Amino acid sequence: MRYDHIRVEPISPALGAEISGVDLSGDLGNEVFAEIHRAFLAHSVIFFRGQTLTPEQQIALAGRFGPVSEIPFIEPWAEHPQIVRVIKEADEGAKFNFGGNWHTDFSFLPRPPMASMLYAVELPPVGGDTLWASMYLGYEALSPGMRRMLDGLNVIHSGAKSYKKSADLRSMKTVTDERAEVETVHPAVRTHPDTGRKALFTNPGYATRFVDMTVAESEPLMNWLNEQAVRPENCIRFRWSPGTLALWDNRCLLHWALNDYAGWRREMHRITIEGERPFH
């Protein structure tokens, strides 16, 4: 794929690319932005190192990809309510970790986020990496018979497991409401509206069971599917540096924030971008 205005270095054959040759704090022309968007669709998660971005610039950049969406259940930054400051203080210990499981963001919403953007502000000297896994590849590795079966199934998603109770943490606060109990139905396999590729949408963080099946009946297949999706060859592990910005596609990826930096402070700024209702 040819790029005339940016440099794109793939991280792995499965997913991920680092983009250089562009200053995100400036005015991105339409041709430059079109190449960035093309790289985003081609690699599912893209990274820009060495960026210096104010909160206003982060919000404006996210808005180029689509409307910035509300982040449910998590108290936003008062000065910039479109941003959630993902913070872990040095003395908060090993138990607290935001995003510490395989998931795609807020799939319990009728219109789950299209993308999430994360900007590194303060990092430990080592640790605090993030993993991403391709649900495209998780689906494409399945047998034809399994794909045919899954193409006809729907899955119930809910925020109850993560947000049924409010958590009054010092660095981050979650506040529950009646939406935590709402169940939303999405297809087990969704077709990406831009690429046309199919991806598993059996989210370990929020998917509870298949429609017309019990939890006990659903769990073995869901667990197996998720294990296939996060096989090492389908994943990348990214090491952050201050000033790095990541943008990833929630429609075809899972991610996991590693919790291996007790005794150090970590602060990231996160924005989510509105998506569409998933379809088969």
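Just so it is clear, the structure is predicted and the values come from calculations on it, not from any experiment. If you read the sequence from its start, that first residue is 1, and numbering goes on from there. Only this structure's heavy atoms are used, side chains among them; waters, hydrogens and symmetry mates stay out.
In terms of the side chain to side chain contact (heavy atoms under 4.5 Å, CB included) criterion, residue partners of E35 (sequence neighbours excluded) are, by chain and number, Y3, D4, H5, I6, R38. Every residue two or more places apart in sequence or in another chain that forms a side chain to side chain contact (heavy atoms under 4.5 Å, CB included) with W264 is listed here: P124, P125. In this structure, the side chain to side chain contact (heavy atoms under 4.5 Å, CB included) partners of A14, at least two apart in sequence or on a different chain, are S12, L137. Partners of T52 by side chain to side chain contact (heavy atoms under 4.5 Å, CB included), not counting sequence neighbours: none found. Every residue two or more places apart in sequence or in another chain that forms a side chain to side chain donor-acceptor pair (under 3.5 Å) with W240 is listed here: T130.
Shown here is E31, whose CD atom has no more than 12 heavy atoms of other residues, nucleotides or ligands within 6.0 Å.
The aromatic ring centres of F238 and W248 sit 6.0 Å or more apart. Centroid-to-centroid, the aromatic rings of H269 and W77 come within less than 6.0 Å. The aromatic ring centres of F73 and F108 sit less than 6.0 Å apart.
A donor-acceptor contact closer than 3.5 angstrom is absent between the side chains of T272 and S116. Looking at N154 and H280, their side chains do bring a donor and an acceptor atom within 3.5 Å of each other. Using modelled atom types and a 3.5 Å distance limit, the side chains of D249 and H192 yield a donor-acceptor pair. Side-chain contact of T104 with S107: a donor-acceptor pair under 3.5 Å is absent, judged by distance alone.
Under a 3.5 Å cut-off, the side chain of Q51 and the backbone N or O of G243 do not form any donor-acceptor pair. Counting only distance, with no hydrogens or angles, the side chain of N234 and the backbone of V230 share no donor-acceptor pair below 3.5 Å. Panel note: side chain D260, backbone G128; a donor-acceptor pair is recorded below 3.5 Å. Under a 3.5 Å cut-off, the side chain of T208 and the backbone N or O of I156 do form a donor-acceptor pair. Between the side chain of R266 and the backbone N or O of E122 there is no donor-acceptor pair closer than 3.5 Å.
For the pair E140 and R197, the salt-bridge criterion is met [side-chain N within less than 4.0 Å of a carboxylate O]. Using a cutoff of 4.0 Å between basic side-chain nitrogens and carboxylate oxygens, E18 and R7 are not scored as salt-bridged. A salt bridge links D129 to R237: one of the charged nitrogens lies within less than 4.0 Å of a carboxylate oxygen. Contact check on R265 versus D91 returns no salt bridge, with no Lys/Arg side-chain nitrogen under 4.0 Å from an Asp/Glu carboxylate oxygen.
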Evaluate the criterion side-chain contact (heavy atoms from CB on, under 4.5 Å) for residue pair T202 and L221; output intermediate values, then yes/no.
CA-CA 10 Å; T202 53; L221 178 55; over 6 Å; no

When you look at E217 and T214, which way does the side-chain contact (heavy atoms from CB on, under 4.5 Å) test go after all the steps?
CA-CA 5 Å; E217 291 169 334; T214 67; 3.1 Å; yes

side-chain hydrogen bond (donor to acceptor under 3.5 Å, both in side chains) evaluation trace for Y206 with T184:
CA-CA 10 Å; Y206 302 119; T184 303; over 6 Å; no

For V155 and V211: C-alpha separation, side-chain torsions, deciding distance, then whether side-chain contact (heavy atoms from CB on, under 4.5 Å) applies.
CA-CA 5 Å; V155 175; V211 171; over 6 Å; no

Between D151 and K198, is the side-chain contact (heavy atoms from CB on, under 4.5 Å) condition met? List the steps.
CA-CA 9 Å; D151 285 345; K198 290 187 175 184; 3.4 Å; yes

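A pairwise comparison of heavy atoms in D23 and L28 identifies O-CD2, 3.9 Å as the closest pair.
Under a cutoff of 6.0 Å and an axis angle of 45°, K88 and Y261 form a cation-pi pair.
C252 places none of its side-chain heavy atoms less than 4.5 Å from the side chain of S134. Taking the side chain as every heavy atom from C-beta outward, L153 and M213 approach each other to under 4.5 Å. Counting heavy atoms from C-beta outward, R85 and V121 have side chains that stay 4.5 Å or more apart. In this structure the side chain of R190 never reaches within 4.5 angstrom of the side chain of F279, judged on heavy atoms.
Cluster membership check: L253 does not share its hydrophobic cluster with M114, using side-chain heavy-atom separations under 4.5 Å among Ile, Leu, Val, Met, Phe, Trp and Tyr. Under the 4.5 Å side-chain contact rule for hydrophobic residues, L61 and Y119 share a cluster. Transitive grouping of hydrophobic side chains (ILVMFWY, heavy atoms separated by less than 4.5 Å) brings V189 and L225 into a common cluster. Hydrophobic clustering places L245 together with I59 (ILVMFWY residues linked when any side-chain heavy atoms are closer than 4.5 Å, directly or through intermediates). The hydrophobic cluster containing F47 also contains L118, counting ILVMFWY residues as joined when their side-chain heavy atoms lie under 4.5 angstrom apart, directly or transitively.
Counting only residues at least two apart or on different chains, the salt bridge (charged side-chain N to carboxylate O under 4.0 Å, His left out) pairs with a member in residues 50-76 are E70-R179.
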